[in-house]
Amino acid sequence: MAMQPWFTDAKLGIFVHWGIYAVDGVQESWSFYDDIVPHDRYMSQLDRFTGAHYDPRAWADLFARAGARYAVLTSRHHDGVALWDTRYGDLNLGHDYISGYAEALREKGLKVGLYYSHSDWNHPDYATTRKPGRPPEMEDNRYSECAAEDEDLEAWERFLAYRDGQIRELASRYRPDLMWFDGEWDRSEEQWRIKELAALIRSYSPDVVFNARMLSEGDYATPEQGAPIVPPEGPWELCLTINDSWGYQHHDHNHKSLTQLVRYFTETIGGGGNLLLDVGPREDGTIPRPQVERLEGLGEWIRKHAEAVYGTVRGLPAGHHYGPSTLSADRRTLYLTLFDIPRAEIGVRGLVTPVRKVSVLGTGTELAHRVVGGLHEAVGVLWIDPPAGSDLDPHATVLAVELDGELELYRGAGRF
């Protein structure tokens with residue numbers, strides 16, 4: 001299926017990790033899986049989760065102010081606790097937290113994404129098989145797999161029926177625009193029955209977008225936390241935390257600065273991707289102030305430079321400009337990002353198309369420019385006078401380079 005245009009045009013999404021793990025501020029699911037927190041202590045958070053100040057319209061308003069075009073909420077993590085009143089399984093919060101979220105996003109014109117883990121480390125029928133090819137001597141985690149001699153395929157069928165029941169509820173009730181799967185490493189594509197799962201969801205949402213953790217049915221790559229050095233081909237998305245944690249953790253105050261987030265964002269969209277920036281609400285549903293401040297700050301920067309963000313495609317390959325760039329959809333305007341205060345002229349190499357005008361985005365100040373050098377097909381370097389003073393943005397300055405035609409680049413090695 002062709003990729004949905006809204007996704008590649010979105011540029012920014014908000015990831016929301018919210019679940020019972022926010023009560024004690026422990027790592028979501030992994031804390032009991034890795035025996036960091038006793039299982040009974042982890043699950044006791046179920047009775048202490050309140051959602052007392054959950055305001056999905058406030059979330060949606062914040063996400064829209066941040067410049068996001070979609071959001072993804074953890075409907076069910078690896079711990080199996082559902083954020084809606086599911087009829088399948090025993091673990092849910094006794095309340096539907098997803099309806100208000102979906103309605104609020106759509107009121108703001110944002111696309112609705114739902115995270116769902118293939119894995120469920122609490123379901124009694126989950127750890128009844130193991131991934132094919134896994135060495136029998138490899139240690140088993142009691143929450144995710146069993147010994148080869150203890151496999152129970154009937155129990156696995158029961159698990160898949162439970163999984164399909166929950167997915168049918170999510171797809172039919174909320175008609176998600178995006179389904180963000182996780183936990184795919186635990187089993188094979190055949191065990192998950194990926195093609196059947198995709199068909200089930202598409203029967204309710206024909207235009208749904210899947211991330212790469214839907215394996216052969218995935219629509220886009222999903223690098224996590226580590227920004228790719230060489231951007232993936234095709235559509236992709238970097239999912240990134242604002243601090244070091246996905247869900248709310250009381251002790252984690254290691255928040256990335258707004259300048260760092262602007263850099264992550266511009267480098268991501270310059271490589272043709274989206275940034276899926278994560279927030280971790282407290283158990284009562286409120287988003288910590290440091291995260292709110294960073295989303296608001298990012299939104300201010302995006303509004304000032306919206307022309308270089310929305311309606312653009314990936315920019316120059318590495319080596320042409322020392323920083324990220326984007327390109328207008330008609331390929332006639334190049335947007336150059338400058339992270340630091342320029343000490344001298346800004347050079348752009350290999351630009352074949354003549355330049356009509358260079359200006360500072362957000363202020364409109366025009367900058368002088370000229371081409372120096374070049375021989376035969378090897379073009380000269382475009383030198384742009386550096387912006388200064390009030391034309392410099394405190395986080396990243398963007399120059400709009402208007403071209404006299406569509407972008408054409410010289411990528412050769414010159415004359416030997």
Side-chain angles (χ1 to χ4, degrees), residues 5 8-12 67 69 231 235 262-263 265-275 298 300-415:
T8 49
D9 290 342
K11 308 305 180 186
L12 179 67
R69 297 291 176 85
V262 168
R263 290 195 177 207
F265 179 65
T266 54
E267 288 171 349
T268 299
I269 67 173
N274 291 351
L275 179 63
L298 182 58
E300 289 178 10
W301 187 91
I302 290 174
R303 279 189 293 278
K304 181 180 176 182
H305 303 93
E307 182 183 320
V309 175
Y310 305 116
T312 63
V313 297
R314 69 177 67 201
L316 298 171
H320 290 273
H321 161 62
Y322 293 105
S325 60
T326 56
L327 182 65
S328 61
D330 65 4
R331 301 183 61 81
R332 289 173 175 267
T333 305
L334 186 62
Y335 301 98
L336 308 176
T337 301
L338 311 178
F339 288 141
D340 302 309
I341 298 174
R343 296 169 54 192
E345 296 167 299
I346 297 108
V348 182
R349 298 188 292 174
L351 195 57
V352 176
T353 316
V355 173
R356 295 176 53 223
K357 182 175 118 177
V358 180
S359 59
V360 181
L361 207 59
T363 68
T365 301
E366 289 194 34
L367 302 175
H369 59 90
R370 59 204 159 277
V371 175
V372 177
L375 178 64
H376 303 314
E377 74 278 6
V379 298
V381 175
L382 171 70
W383 292 104
I384 304 169
D385 282 0
S390 61
D391 287 323
L392 291 170
D393 184 272
H395 306 294
T397 303
V398 179
L399 307 184
V401 180
E402 297 180 28
L403 305 174
D404 190 19
E406 293 188 15
L407 175 70
E408 181 183 351
L409 293 176
Y410 172 72
R411 301 280 288 160
R415 181 181 178 186

Exercise. Go through the steps for V381 and V372 under the test side-chain contact (heavy atoms from CB on, under 4.5 Å), then give the verdict.
Key: CA-CA 5 Å; V381 175; V372 177; 5.5 Å; no

Quiz item: Side chain of T353, backbone of E408: donor and acceptor closer than 3.5 Å?
Solution: yes

Quiz prompt | Pairwise distance CG(D391) to OG1(T365) - rounded to 0.5 angstrom | solution = 3.5 Å

Self-check item: R370, CZ atom: more than 12 neighbouring heavy atoms under 6.0 Å
Solution: yes

Self-check item: Atom pair CG/CD of L275 and E267 - distance to nearest 0.5 Å
Solution: 11.0 Å

Practice problem: Provide the closest heavy-atom pair for R69 versus A10 in the form atom of the first, atom of the second, distance. | Solution: CG-O, 3.5 Å

Practice problem: To the nearest 0.5 angstrom, please state how far the CG atom of L407 sits from the CZ atom of R332. | Solution: 11.0 Å

Quiz prompt | Closest heavy-atom pair and its distance - G67, I302 | solution = CA-CD1, 4.5 Å

Exercise. List the atom of T8, the atom of P235, and the distance in Å for their closest heavy-atom pair.
Key: CG2-CB, 3.9 Å

Exercise. Any salt bridge (charged side-chain N to carboxylate O under 4.0 Å, His left out) involving residues 301-330? Give me the pairs, sequence neighbours left out, ordered by first then second residue.
Key: K304-D393

Quiz item: Side-chain contact, heavy-atom cut-off 4.5 Å: P317 with R411?
Solution: yes

Exercise. Supply the atom-to-atom distance L399 CG to T337 OG1, rounded to the nearest 0.5 angstrom.
Key: 8.5 Å

Practice problem: I would like to know whether V379 and V352 meet side-chain contact (heavy atoms from CB on, under 4.5 Å); could you show each step before the answer? | Solution: CA-CA 6 Å; V379 298; V352 176; 3.9 Å; yes

Self-check item: Closest contact, heavy atoms only, P231 versus G271
Solution: CB-O, 3.5 Å

Practice problem: Just do the side-chain contact (heavy atoms from CB on, under 4.5 Å) check on L409 and L351 with the steps written out, would you? | Solution: CA-CA 5 Å; L409 293 176; L351 195 57; 4.1 Å; yes

Quiz item: Heavy-atom distance under 4.5 Å between the side chains of V348 and S325, does that happen here?
Solution: no

Exercise. Return each pair, listed once, that meets ring-ring contact (aromatic ring centres under 6.0 Å, His included) where at least one residue sits in residues 360-401; pairs must be two or more places apart or across chains.
Key: none

Quiz prompt | Close side-chain approach of I269 to N274, heavy-atom, < 4.5 Å | solution = no

Quiz item: Do the non-hydrogen side-chain atoms of I346 and D385 ever get within less than 4.5 Å of each other?
Solution: no

Self-check item: Rounded distance (nearest 0.5 Å) linking atom CG of L336 with atom OG1 of T397
Solution: 11.5 Å

Quiz item: Is there a side-chain contact between L298 and L12 (heavy atoms, below 4.5 Å)?
Solution: yes

Quiz item: Could D404 and K357 be called an ion pair, given the rule that one side-chain N must be under 4.0 Å from one carboxylate O?
Solution: no

Practice problem: Enter the distance from L327:CG to E406:CD here, rounded to the nearest 0.5 Å. | Solution: 9.0 Å

Exercise. Please collect all ring-ring contact (aromatic ring centres under 6.0 Å, His included) contacts where either partner lies in residues 310-340, sequence neighbours excluded, each pair once.
Key: none

Quiz item: Counting N and O atoms only, with roles assigned by atom type, does the side chain of K11 sit under 3.5 Å from a partner on the main chain of T312, one being a donor and the other an acceptor?
Solution: yes

Quiz prompt | side-chain contact (heavy atoms from CB on, under 4.5 Å) between T333 and L403, worked out | solution = CA-CA 6 Å; T333 305; L403 305 174; over 6 Å; no

Quiz item: Less than 4.5 Å apart, any side-chain heavy atom of P387 and any of L367?
Solution: yes

